[in-house]
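One structure below.
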Amino acid sequence: MDTFSKRFSLEGKVALVTGAAYGIGFAIAEAYALAGAKVAFNCRSQEHLDKALADYKAKGIDAHGYIADVTDETQVKALVAKVENELGTIDILVNNAGIIKRIPMEEMSVEDFRQVIDIDLNAPFIVSKAVIPGMKRKGHGKIINICSMMSELGRETVSAYAAAKGGLKMLTRNICSEFGEHNIQCNGIGPGYIATPQTAPLRELQADGSRHPFDRFIISKTPAARWGTPEDLMGPAVFLASNASDFINGHILYVDGGILAYIGKQP
């Protein structure tokens, strides 16, 4: 491997990707494994963990799975200790675990709002706090927060999600500000609309064979004229985890097919 290519290699690195049982997290973990990293991930149940491990094995990836709730600081400390003991100090953290609840604000319970904030914002704080001491000792580290276009935009029914992802953008910038001198880079990836199992209902054909109204809406707002795929996030995730991005800090990289740059077609 030539010197330039080595800048993008993750050979010998240890990466923890939260919630990487499927979808975006799985694709990022797969990319890290292909780039040479040892990959760890967490699930909240044994059932999901077993399924994910089988899926990684089918891809030829030796992933290390653990059961942990990322909103529980005690469990997170135990998770990080296990990963460090079995694989080594964590070089790369991807705060990927998250949920969305599409509920009009007037109908949303405080409990639902708090749950979204807890998983999408509090958990990245908890996990980042747990890995930073090891990164400081090692003299480097990469933290990548999976933000969203809702870190910049609002939309009906996603008040909690937008609040959490907007907060996650600012947490990203604050981790950069506080730990940059320790050679820790904290950046975010803001995916556009990605074709995953969670978004499948929004892409189902209607009874008359026409596209789902939301599907048509997204295509019309995206210069690329398509939904993204989890694979579209693999390159950006490897770049932000590699030495090639050592002077990039506090940045949110939007991987959205151009939506945020586009006002939309004239009716």
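Residue numbers run from 1 in the order of the sequence given. Computation of the quantities below employed the complete heavy-atom set of this structure, encompassing side-chain atoms and omitting hydrogens, waters and symmetry-equivalent molecules.
Remark: aromatic rings of Y56 and F26 are close, center separation under 6.0 Å.
A side-chain N or O of D232 and one of T229 form a donor-acceptor pair less than 3.5 Å apart. Side chains of D256 and T222: a donor-acceptor N/O pair is absent below 3.5 angstrom, by distance only. Between the side chains of Q185 and N183, a donor-acceptor pair is found at a separation under 3.5 Å. Side-chain atoms of Y254 and E152 include a donor-acceptor pair closer than 3.5 Å. Using modelled atom types, one finds no donor on one side chain facing an acceptor on the other under 3.5 Å when comparing K13 with S242.
Looking at heavy atoms from C-beta onward, E30 lies out of side-chain contact with P230 at the 4.5 angstrom threshold. Under the 4.5 Å side-chain criterion, counting only non-hydrogen atoms from C-beta, L260 is in contact with M149. Proximity of I146 to I189: side-chain heavy atoms (C-beta onward) are separated by under 4.5 Å at one or more points. Counting heavy atoms from C-beta outward, L87 and H64 have side chains that approach closer than 4.5 Å. Considering only heavy atoms from C-beta on, P191 stays 4.5 Å or farther from V255 through its side chain. Side-chain atoms of I92 and Y32, non-hydrogen and from C-beta on, do get closer than 4.5 Å to each other. At a threshold of 4.5 Å between non-hydrogen side-chain atoms, the residues F179 and C186 do not count as touching. Residues D55 and K59 are not in side-chain contact: their nearest non-hydrogen atoms beyond the backbone lie 4.5 Å or more apart.
Here T18 contributes atom OG1 and Y66 contributes atom OH; the two are 14.5 Å apart, rounded to the nearest 0.5 Å. If you take CD1 on I24 and OG1 on T196, they are separated by 6.5 Å, rounding to the nearest 0.5 Å.
A salt bridge links K129 to E73: one of the charged nitrogens lies within less than 4.0 Å of a carboxylate oxygen.
Minimum heavy-atom separation, G257 to P223: O-CD, 3.3 Å.
The side chain to side chain donor-acceptor pair (under 3.5 Å) check on D112 picks up K101, S109, with sequence neighbours excluded.
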Can you check salt bridge (Lys or Arg N to Asp or Glu O under 4.0 Å) on D72 and K77, steps first, answer last? CA-CA 9 Å; D72 185 314; K77 286 180 178 178; over 6 Å; no
Between S128 and N95, is the side-chain hydrogen bond (donor to acceptor under 3.5 Å, both in side chains) condition met? List the steps. CA-CA 8 Å; S128 297; N95 284 308; 3.1 Å; yes
Step by step, work out the side-chain hydrogen bond (donor to acceptor under 3.5 Å, both in side chains) result for T199 and R203. CA-CA 7 Å; T199 60; R203 290 177 281 109; 3.2 Å; yes
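Atom NZ of K82 has 12 or fewer heavy atoms from other residues, nucleotides or ligands within 6.0 Å.
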